[in-house]
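Numbers here are sequence positions counted from 1. Values below: every heavy atom of this structure, side chains too, minus hydrogens, waters and symmetry copies.
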Amino acid sequence: YWAGNNWYTSDERTKIAHSPSVGFAGVEIACENPQKVARNWQELLGFEGSPSVINEGSNDVQYVLTLEDEATLTFRKSRSSSDVGLTKILIETHSTKIRNNETFKVGNVELCFVKHLD
């Protein structure tokens, strides 16, 4: 359904995007200078203050921007020359059939389902 004659109409895509059963919870982006990239995104999105810092002072330091809907943009240092760009998508679900933190990979991107917290 993602291309060709069966492509979703605008109304169908809107229904999927606003579905009560699944939603966007966050992304992880690997880059050479995560602090700088996080600040660039912060300025682009018009956020005030500073990104949250996780694991400060370690090799695994992460800079996190939290959107108004609680979705997160996490920026971390690349671990190799091929570890650059989008590395993880967090998908929020209300489904009881999917285990929390169930993950699978598509190419170099990890998809991770997280339970919706009521």
[X] to [Y] - nearest heavy-atom pair and separation:
{"X": "Asp83", "Y": "Arg76", "answer": "OD2-NH1, 2.7 Å"}
{"X": "Arg79", "Y": "Asp60", "answer": "NH2-OD1, 3.3 Å"}
{"X": "Val64", "Y": "Ile54", "answer": "CG2-CD1, 3.6 Å"}
{"X": "Arg39", "Y": "Ser50", "answer": "NH1-OG, 3.7 Å"}
{"X": "Lys88", "Y": "Leu90", "answer": "CD-CD2, 3.7 Å"}

Can you hop from [X] to [Y] via hydrophobic side chains spaced under 4.5 Å?
{"X": "Val109", "Y": "Ile29", "result": "yes"}
{"X": "Leu86", "Y": "Leu65", "result": "yes"}
{"X": "Phe104", "Y": "Ile91", "result": "yes"}
{"X": "Trp41", "Y": "Tyr63", "result": "no"}
{"X": "Phe75", "Y": "Leu44", "result": "no"}

How long is the straight-line distance from [atom2] of [Y] back to [atom1] of [X], given to the nearest 0.5 Å?
{"X": "Glu48", "Y": "Gln42", "atom1": "CD", "atom2": "CD", "result": "9.5 Å"}
{"X": "Glu68", "Y": "Leu45", "atom1": "CD", "atom2": "CG", "result": "10.0 Å"}
{"X": "Thr103", "Y": "Ile89", "atom1": "OG1", "atom2": "CD1", "result": "13.0 Å"}

Next on the checklist: Taking atom CG as the centre, does Asn40 end up with more than 12 heavy-atom neighbours from other residues, nucleotides or ligands that are less than 6.0 angstrom away?
Outcome noted: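 Count over threshold, so yes.
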Next on the checklist: For the residue pair Glu28 / Thr74, report whether a side-chain donor-acceptor contact shorter than 3.5 Å exists.
Outcome noted: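 Looking only at side-chain atoms, Glu28 and Thr74 do not form any donor-acceptor pair under 3.5 Å.
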Checklist entry - Do Thr66 and Phe47 come within less than 4.5 Å of each other through their side chains, counting heavy atoms only? => result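 SC-SC contact between Thr66 and Phe47 ruled out.
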Next on the checklist: With heavy-atom distances below 4.5 Å as the criterion, would you say the side chains of Val61 and Val53 are in contact?
Outcome noted: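 Yes, at least one pair of side-chain atoms sits under 4.5 Å.
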Next on the checklist: Could you check whether any side-chain N or O of Lys105 sits under 3.5 Å from a backbone N or O of Glu110, counting only pairs where one atom can act as donor and the other as acceptor?
Outcome noted: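 No.
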Next on the checklist: Main chain of Cys31, side chain of Ser78: is a donor-acceptor contact present, judged purely on distance under 3.5 Å?
Outcome noted: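 Such a contact is found between Ser78 side chain and Cys31 backbone.
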